[in-house]
Amino acid sequence: MAAALPTSHMLNGAARRAALRRGVAIAEVPVRGLARHLAAAVWSRAAAMVYRCSGDGGAELAAAAPAENGREDDEDGLTKIIHRDGSKSLRAQKQKGLVPRGSASPFGDFPDDMMPKPVKAPRAKSAQGTARSPAGAARPMSSPAGAGGGPPRPRSRARPRRPVPVSEFRRFYDRGDLPTQIWHGATCKIAWKVDVEKLDYHHYLPIFFDGLREKEDPYRFLAVQGTYDMLDKGGSKILPVVPQLIIPIKTALNTRDPEIVSTMLKVLQQLVLSGEMIGEALVPYYRQILPVFNIFKSKNNNLGDKMDYSQRKRMNLGELIQETLEIFETHGGEDAFINIKYMIPVYESVLVA
């Protein structure tokens, strides 16, 4: 049996010229076969370049949109480039107590008497002078006044971030109780140890939803991608589990973290679209879900004539909340709008009466 001839796409320029000088025959790959050979090689997370054959035999180059889950890693890299001082890094968030810390060792935490003591930051001295009252207690000499010279107006503190509690997903993953592992290739994927259709959704889907508030890899990647995989192949198994998903959804939204809230909004859209009657099953739980929507619904960047890249990346909270509410109303049945209007009075219906 004759050996297969080397094809032109298997040789670089120098090897091709050397083969031609020696008289070695090279099989030319047709244009229609070029797509099959190069589709997997040139696929990347940022822009997947796919060769498709046109009608006249020529090849045209098309770009496919990157996956939703890969954008978090791209944003982390961009944040490191912009904020080189590390003020926005994950380590700084852990020091502030906004993100849970990991274990002290691969075998767990050390005893309390062997743990390093936290270093307290020195308190900044106030430039505002103090005076002694007749009773001897220190009191400020002047205080900032509000409008009209009255007392300062209190702040609601509704939008600032709150500490992210430790998720059950982290505990299960550290114990090795999840049937998942990372497949490291050109693009990271989840390698399920069992078929997703055979999983117990009552047990695993709430755990994966609880991990959506993680901000550290590999927990974040596994939780987000695993949730999308389960919603994609769940079918009729998702609807009975909806009541168990409310507490993880509410906990993630109450962190008020823009990154976590945007991730949860995208998952909620996929949850409603993943099966019938799921949108109607969420209507009784609007009072637990929609209060955070009402807080961030007006969070849009007024940039004038500038370009807002967060809309292209689907990270603008105002746009995501509007999209989610429209999906809730469209798939929530006849009682969806009145319940949304009760929690968010400024919302307007998108359905024709």
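Scope of the values below: all heavy atoms of this structure, side chains included, with no hydrogens, waters or symmetry mates.
- The salt bridge (charged side-chain N to carboxylate O under 4.0 Å, His left out) test applied to Glu323 returns Arg314, not counting sequence neighbours.
- The two atoms that bring Pro248 and Pro206 nearest to each other are CG-O, 4.0 Å, heavy atoms only.
- Counting heavy atoms from C-beta outward, Tyr228 and Val267 have side chains that approach closer than 4.5 Å.
- Judged as a salt bridge (charged side-chain N to carboxylate O under 4.0 Å, His left out), and not counting sequence neighbours, Arg287 has no contacts.
- Proximity of Tyr204 to Val241: side-chain heavy atoms (C-beta onward) are nowhere separated by under 4.5 Å.
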Derivation and outcome, side chain to side chain contact (heavy atoms under 4.5 Å, CB included), residues Ile327 and Leu325: CA-CA 5 Å; Ile327 293 177; Leu325 291 177; over 6 Å; no

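- Tracing side-chain contacts under 4.5 Å through hydrophobic residues (I, L, V, M, F, W, Y), one never reaches Tyr285 starting from Ile338; they form parts of separate clusters.
- Within the 4.5 Å cutoff, side-chain heavy atoms of Lys266 are placed close to those of Leu320.
- Residues Val164 make up the rest of the hydrophobic cluster containing Ile260, defined by ILVMFWY side-chain heavy atoms closer than 4.5 Å, directly or through other members.
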Taking it one step at a time, do Asp257 and Lys215 satisfy salt bridge (charged side-chain N to carboxylate O under 4.0 Å, His left out)? CA-CA 10 Å; Asp257 190 311; Lys215 301 190 66 174; 2.9 Å; yes

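- The closest side-chain heavy-atom distance from Ile278 to His331 is not below 4.5 Å.
- The two residues Leu351 and Ser349 come nearest to each other via the heavy atoms N-OG, 3.2 Å.
- More than 12 heavy atoms of other residues, nucleotides or ligands shown are found within 6.0 angstrom of CG on Leu273.
- Here salt bridge (Lys or Arg N to Asp or Glu O under 4.0 Å) pairs that include residues 327-352, with residues two or more places apart or in two chains, are Lys341-Glu348.
- Judged as a side chain to side chain donor-acceptor pair (under 3.5 Å), and not counting sequence neighbours, the contacts of Thr324 are Gln269.
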I would like to know whether Leu222 and Leu178 meet side chain to side chain contact (heavy atoms under 4.5 Å, CB included); could you show each step before the answer? CA-CA 10 Å; Leu222 288 171; Leu178 297 178; over 6 Å; no

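- Within the structure, the side-chain hydrogen bond (donor to acceptor under 3.5 Å, both in side chains) test picks out the following pairs touching residues 164-178 (sequence neighbours left out): Ser167-Glu214, Glu168-Arg171, Arg170-Glu214, Asp174-Tyr219, Arg175-Asp177.
- Residue pairs meeting the side-chain hydrogen bond (donor to acceptor under 3.5 Å, both in side chains) criterion with at least one member in residues 236-250, sequence neighbours excluded: His202-Gln244.
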Using the side chain to side chain contact (heavy atoms under 4.5 Å, CB included) rule, take Met230 and Phe208 through it: C-alpha gap first, then chi angles, then the decisive distance, then the call. CA-CA 9 Å; Met230 295 184 71; Phe208 277 86; 3.8 Å; yes

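- One hydrophobic cluster, built from ILVMFWY side chains closer than 4.5 Å, holds both Val283 and Tyr342.
- Ile238 and Ser274 make their closest contact through CD1-OG, 3.6 Å (heavy atoms, listed as atom of the first residue, atom of the second, distance).
- Contact annotation: the side chain of Phe221 approaches that of Ile182 to within less than 4.5 Å [non-hydrogen atoms, C-beta and beyond].
- Here CG of Leu205 is found 11.5 Å from CG of Asp210. Values are rounded to the nearest 0.5 Å.
- Residues Gln225 and Lys189 have side chains that never bring a donor and an acceptor to within less than 3.5 angstrom of each other.
- Partners of Asp195 according to the salt bridge (charged side-chain N to carboxylate O under 4.0 Å, His left out) rule, which considers only residues two or more places apart in sequence or in another chain, are Lys198.
- A chain of hydrophobic side-chain contacts below 4.5 Å, direct or via other Ile, Leu, Val, Met, Phe, Trp or Tyr residues, connects Val346 to Phe296.
- Residues satisfying the ring pair (Phe, Tyr, Trp, His ring centres under 6.0 Å) test with Phe172, not counting sequence neighbours, are His203.
- Separating the CG atom in Leu253 from the CG atom in Leu265 is a distance of 6.5 Å, to the nearest 0.5 Å.
- Taking all atoms of both residues into account, the shortest heavy-atom contact from Lys297 to Ile344 is CD-CG2, 3.6 Å.
- The CD1 atom of Ile207 sits 12.5 Å away from the CG atom of Leu212 when rounded to the nearest 0.5 Å.
- Here Ile321 contributes atom CD1 and Asn294 contributes atom CG; the two are 9.0 Å apart, rounded to the nearest 0.5 Å.
- Checked against ring pair (Phe, Tyr, Trp, His ring centres under 6.0 Å), Phe209 has no partners two or more places apart in sequence or in another chain.
- The environment of Asp113 atom CG is dense: over 12 non-hydrogen atoms of other residues, nucleotides or ligands sit within 6.0 angstrom.
- Side-chain contact between Val196 and Tyr201: present, with at least one pair of heavy atoms (C-beta onward) separated by less than 4.5 Å.
- Within a 6.0 Å radius of CD in Glu276, no more than 12 heavy atoms belonging to other residues, nucleotides or ligands are found.
- Listed by chain and residue number, nothing satisfies the salt bridge (charged side-chain N to carboxylate O under 4.0 Å, His left out) test with Arg256 (two or more places apart in sequence, or in another chain).
- Here Ile289 contributes atom CD1 and Ile249 contributes atom CD1; the two are 5.0 Å apart, rounded to the nearest 0.5 Å.
- A salt bridge links Arg220 with Glu259: the closest approach of a Lys/Arg side-chain nitrogen to an acidic carboxylate oxygen falls below 4.0 angstrom.
- Nearest approach of Gly318 to Asn300, heavy atoms of both residues: CA-OD1, 3.5 Å.
- Taking all atoms of both residues into account, the shortest heavy-atom contact from Thr255 to Pro163 is CG2-O, 4.5 Å.
- Linking ILVMFWY residues whenever their side-chain heavy atoms come closer than 4.5 Å, directly or via other members, places Met277 and Phe337 in the same cluster.
- Contact annotation: the side chain of Leu317 approaches that of Ser262 to within less than 4.5 Å [non-hydrogen atoms, C-beta and beyond].
- In this view, Tyr286 and Phe328 satisfy the ring pair (Phe, Tyr, Trp, His ring centres under 6.0 Å) rule, not counting sequence neighbours.
- Residues Tyr347 and Glu326 have side chains in contact (heavy-atom distance under 4.5 Å, counting atoms from C-beta outward).
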Assess whether side chain to side chain contact (heavy atoms under 4.5 Å, CB included) is satisfied between Thr251 and Arg213, documenting all intermediate values. CA-CA 8 Å; Thr251 305; Arg213 63 174 181 266; 3.5 Å; yes

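- Between the CG atom of Leu268 and the OG1 atom of Thr263 there is a distance of 11.0 Å, given to the nearest 0.5 Å.
- Connection of Phe110 to Val166 is not established within any shared hydrophobic cluster, with ILVMFWY side chains joined at heavy-atom distances below 4.5 Å, either directly or through further cluster members.
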